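Accompanying notes for the structure given below.
For clarity, every value in this text was computed on a predicted model and none was experimentally measured. Quick note: residue numbers are just sequence positions, from 1.
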Amino acid sequence: MSIGPTTGNSANSSAGELGGMTAVALRDALAAGEISAREAAEYYLGRVAELNPELGSFVEVTAEPALREAARADVEHARGRNLGLLHGMPLAHKDLTDVAGVPTTMGSAAVPREPAAQDGPLPAILRRAGAISLGKTQVPEFGLSSYSENLIGQPARNPLDPSLSPGGSSGGSAAAVAAGMLPFAPGTDGGGSVRIPAAATGLTGLKPNRGRVPSGGGQRDLGQFVVAGPLARTAADAALLLDAMTGEPNFHATSAPAVPGSFLAAAQRAEGRFRIGVSARSPFESRLEIRLDPDARLALEAGIVALTNAGHDISEAEVRYDERYPDAFGLVWTAPLANIPLPPGAEELLTPLTATMRRRALQRSAADLAAAVDILRGFEEDTISQYSQWDMVLTPALGMTPRPIGWYWTGDADEDYALQCQYSPFTSMVNVCGLPAITVPTYRNADGLWMGIQLIGRPGAEAELLSVAAQLEAH
């Protein structure tokens with residue numbers, strides 16, 4: 001079976017062949033000095049200049065700073081210095097994340113465009129690892145939605161079909177990776193924001209375990225939903241970026257082996273046979289009609305066949321979810337909107353969805369929030385207990401094929417939110433439970449769109465998920 005878009009892996013490619021290299025191969029070529037950091041930056045900046053006008057992946061391109069950083073990286077390499085794990089690797093950050101000297105708009109016309117004074121936690125870690133940021137990518141306003149459309153720039157578009165959305169909230173980053181404007185990219189995931197756009201664009205997207213990767217101020221995330229994770233074209237590429245995001249030790253420039261015990265080593269070994277329970281149940285069923293598009297069902301069936309062929313024990317998972325979940329999740333998910341500082345009069349510049357959800361958040365009491373959090377903590381305990389019968393739980397990645405640009409903007413905030421839940425009914429529950437999960441493409445339809453599956457792991461089982469994703473690439 002064919003799985004997702006992949007690229008060649010020769011570390012001896014010249015700069016002119018950069019587009020055919022995996023991120024791992026590019027990292028090795030940069031470490032060995034076969035390609036310079038400047039050559040890599042220039043190549044990907046050229047791709048951005050060529051493709052971004054149509055796809056709207058980037059809202060800010062920082063070409064000059066990137067080329068300066070690349071030149072410094074080449075000097076350090078020439079001096080034989082110990083280099084970071086991502087020496088010279090181009091990437092970009094969502095416009096929800098502070099990068100020093102670059103405005104962070106949060107995807108909102110209501111936020112003043114002021115350069116950030118310093119890097120946020122994740123950009124700081126990746127900069128220390130040697131990565132070079134090419135700019136900021138498109139997001140929905142305040143990362144609220146599963147589509148990357150806002151009032152400050154053109155919408156991010158799906159490279160598989162530019163009339164469709166790449167999803168959100170890491171939609172701009174996913175589109176950039178899928179189109180070859182970046183070798184890989186970090187995203188953040190508070191309800192599916194890495195896995196949704198990965199699934200919509202044919203990428204591998206990993207949401208790590210709660211607390212695995214720094215993603216910003218935890219106290220601003222009332223439900224402790226958000227964690228940063230990689231978007232990549234292969235499991236090994238995702239594993240390499242995850243190693244850097246978690247602070248994997250440096251390696252020397254002359255050799256770049258996968259460190260034993262690293263996520264990259266796990267993906268490259270691709271070992272393990274697991275008991276996998278299959279479920280197409282969603283916790284939103286108690287409030288909404290949840291249906292699978294024919295292509296979503298075919299992707300699930302293709303995933304089951306591939307996993308079975310890889311030697312895994314597949315069985316049906318009879319799981320039940322607390323019927324109070326939809327209301328509790330929606331309340332806690334939107335609660336941080338009440339604390340966003342906005343200049344006087346700026347609320348008039350919010351999108352209709354954000355304005356409605358913020359108004360409701362401001363009207364809720366502390367008792368309402370406490371009750372909702374309590375429901376979700378009970379949901380977490382009960383769901384993890386049910387999932388413990390299996391090593392992994394398999395679900396569809398999405399309920400529908402990628403949606404057209406503008407599909408959600410109905411003028412009614414509740415309908416907008418309901419459409420998002422029906423499009424992606426299987427992702428937010430993983431954030432509530434704090435579990436790791438990965439989406440992998442398994443089926444390409446007649447229109448050239450990829451659909452996929454989601455594998456939910458046990459607590460802390462990212463290495464196992466990456467291993468199985470790598471197995472699927474081989475089947």
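- No side-chain donor-acceptor contact under 3.5 Å links Gln386 to the backbone of Thr383.
- Counting only residues at least two apart or on different chains, the side chain to side chain donor-acceptor pair (under 3.5 Å) pairs with a member in residues 341-350 are Glu347-Arg358.
- Here the options are Leu307, Thr439, Ile438, the test is side chain to side chain contact (heavy atoms under 4.5 Å, CB included), and the partner is Ile453; only Leu307 passes.
- Panel note: side chain Asp391, backbone Arg275; a donor-acceptor pair is recorded below 3.5 Å.
- Side-chain atoms of Glu473 come within 3.5 Å of backbone atoms of Ala235 as a donor-acceptor pair (strictly under, hydrogens ignored).
- Using modelled atom types, one finds no donor on one side chain facing an acceptor on the other under 3.5 Å when comparing Ser173 with Lys94.
- Not counting sequence neighbours, the partners of Phe225 by the ring pair (Phe, Tyr, Trp, His ring centres under 6.0 Å) test are Phe329.
- For the pair Asp243 and Ser262, the minimum side-chain heavy-atom distance is below 4.5 Å.
- Contact annotation: the side chain of Tyr147 approaches that of Asp416 to within less than 4.5 Å [non-hydrogen atoms, C-beta and beyond].
- Annotation: side chain to side chain donor-acceptor pair (under 3.5 Å) contacts involving residues 110-124, sequence neighbours excluded, comprise Glu60-Arg113, Asp119-Arg127.
- With sequence neighbours excluded, the residues that form a salt bridge (charged side-chain N to carboxylate O under 4.0 Å, His left out) with Asp322 are Arg324.
- Here Tyr387 pairs with nothing under the ring pair (Phe, Tyr, Trp, His ring centres under 6.0 Å) rule; sequence neighbours left out.
- Remark: side-chain polar atoms of Thr427 are paired, donor with acceptor, to backbone N or O of Gly191 under 3.5 angstrom.
- Atom CZ of Arg458 sits in a crowded spot, with more than 12 heavy atoms from other residues, nucleotides or ligands closer than 6.0 Å.
- Between the side chain of Arg195 and the main chain of Gln454, no donor-acceptor pair closer than 3.5 Å is present.
- Residue pairs satisfying the ring pair (Phe, Tyr, Trp, His ring centres under 6.0 Å) criterion with at least one member in residues 92-145, sequence neighbours excluded, are absent.
- Put simply, the side chain of Asp189 does not reach to within 4.5 Å of the side chain of Ile196, judged on heavy atoms.
- Counting heavy atoms from C-beta outward, Pro123 and Ser133 have side chains that stay 4.5 Å or more apart.
- Side-chain contact between Pro396 and Leu292 is present, with at least one heavy-atom pair separated by less than 4.5 Å.
- Using a 4.0 Å cut-off between a side-chain N of Lys or Arg and a carboxylate O of Asp or Glu, Glu285 and Arg287 do not qualify as a salt bridge.
- Panel note: side chain Glu149, backbone Ile405; no donor-acceptor pair is recorded below 3.5 Å.
- With rounding to the nearest 0.5 Å, the separation of CG in Leu288 from CG in Leu419 is 9.0 Å.
- Side chain of Arg233 to main chain of Ala23: no donor-acceptor pair is present (N/O by atom type, distance under 3.5 Å, no hydrogens or angles).
- Of the N and O atoms on the side chains of Ser57 and Thr137, not one donor lies less than 3.5 Å from an acceptor on the other residue.
- In this structure the side chain of Pro186 reaches within 4.5 angstrom of the side chain of Leu91, judged on heavy atoms.
- Heavy-atom minimum distance, Gly190 versus Asn431: C-ND2, 3.2 Å.
- Classification of Arg212 and Glu462 as a salt-bridged pair holds, one side-chain N sitting under 4.0 Å from a carboxylate O.
- Of the N and O atoms on the side chains of Thr201 and Asn158, not one donor lies less than 3.5 Å from an acceptor on the other residue.
- When all heavy atoms of Ala131 and Glu69 are compared, the pair lying nearest together is O-OE1, 4.3 Å.
- For Pro90, the side chain to side chain contact (heavy atoms under 4.5 Å, CB included) criterion is met by Leu26, Ala40, Tyr44, Leu134, Pro183, not counting sequence neighbours.
- Taking every heavy atom of both residues into account, Thr204 and Ala238 meet most closely at CG2-CB, 4.4 Å.
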Walk me through it: do Gln268 and Val24 pass the test side chain to side chain contact (heavy atoms under 4.5 Å, CB included)? CA-CA 11 Å; Gln268 291 178 332; Val24 171; 4.1 Å; yes

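- Using modelled atom types, one side-chain atom of Thr334 and one backbone atom of Gly330 make a donor-acceptor pair closer than 3.5 Å.
- Note that CD1 of Ile152 and CD of Gln138 are 5.5 Å apart. Values are rounded to the nearest 0.5 Å.
- Annotation: the span from Ile276 atom CD1 to Met392 atom CE amounts to 5.5 Å, rounded to 0.5 Å.
- Side-chain contact between Leu85 and Leu240 is present, with at least one heavy-atom pair separated by less than 4.5 Å.
- To the nearest 0.5 Å, the span separating CZ on Arg297 from CE on Met451 amounts to 11.5 Å.
- Evaluation of the ring pair (Phe, Tyr, Trp, His ring centres under 6.0 Å) rule for Phe379 yields Tyr321, Tyr325 as partners, not counting sequence neighbours.
- A salt bridge links Lys136 with Asp95; the closest basic N to acidic carboxylate O contact falls under 4.0 Å.
- Residues that satisfy the salt bridge (charged side-chain N to carboxylate O under 4.0 Å, His left out) test with Asp368, not counting sequence neighbours, are absent from this structure.
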Leu353 vs Leu144, test: side chain to side chain contact (heavy atoms under 4.5 Å, CB included). Steps then yes/no. CA-CA 9 Å; Leu353 176 67; Leu144 189 62; 4.0 Å; yes

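- Between Leu398 and Tyr423, some side-chain heavy-atom pair lies under the 4.5 Å cut-off.
- Taking CD from Glu141 and OG1 from Thr351, the interatomic distance works out to 4.0 Å, rounded to the nearest 0.5 Å.
- Put simply, the side chain of Ser148 gets close to the backbone of Gly171: a donor and an acceptor are under 3.5 Å apart.
- Within the structure, ring pair (Phe, Tyr, Trp, His ring centres under 6.0 Å) contacts touching residues 338-359 (residues at least two apart or in different chains) do not occur.
- Remark: the Ser163 side chain and the Asp161 side chain contain an N/O donor-acceptor pair separated by less than 3.5 Å.
- Without hydrogens or angle criteria, Asp237 side chain to Ala232 main chain gives no donor-acceptor distance under 3.5 Å.
- Taking all atoms of both residues into account, the shortest heavy-atom contact from Leu350 to Ala110 is CD2-CB, 3.8 Å.
- In plain terms, the two heavy atoms of Leu231 and Ala174 that are nearest each other are CD1-N, 4.0 Å.
- Legend: residues meeting side chain to side chain contact (heavy atoms under 4.5 Å, CB included) with Ala239, ordered by chain and number and at least two apart, are Phe263, Leu264, Ala267, Leu466.
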Could you give me the CA-CA distance, side-chain angles and deciding distance for Phe184 and Leu86, then say whether side chain to side chain contact (heavy atoms under 4.5 Å, CB included) is met? CA-CA 11 Å; Phe184 53 23; Leu86 299 184; 4.0 Å; yes

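- Here Thr188 contributes atom OG1 and Leu122 contributes atom CG; the two are 8.5 Å apart, rounded to the nearest 0.5 Å.
- With sequence neighbours left out, Arg377 forms a salt bridge (charged side-chain N to carboxylate O under 4.0 Å, His left out) with Glu380.
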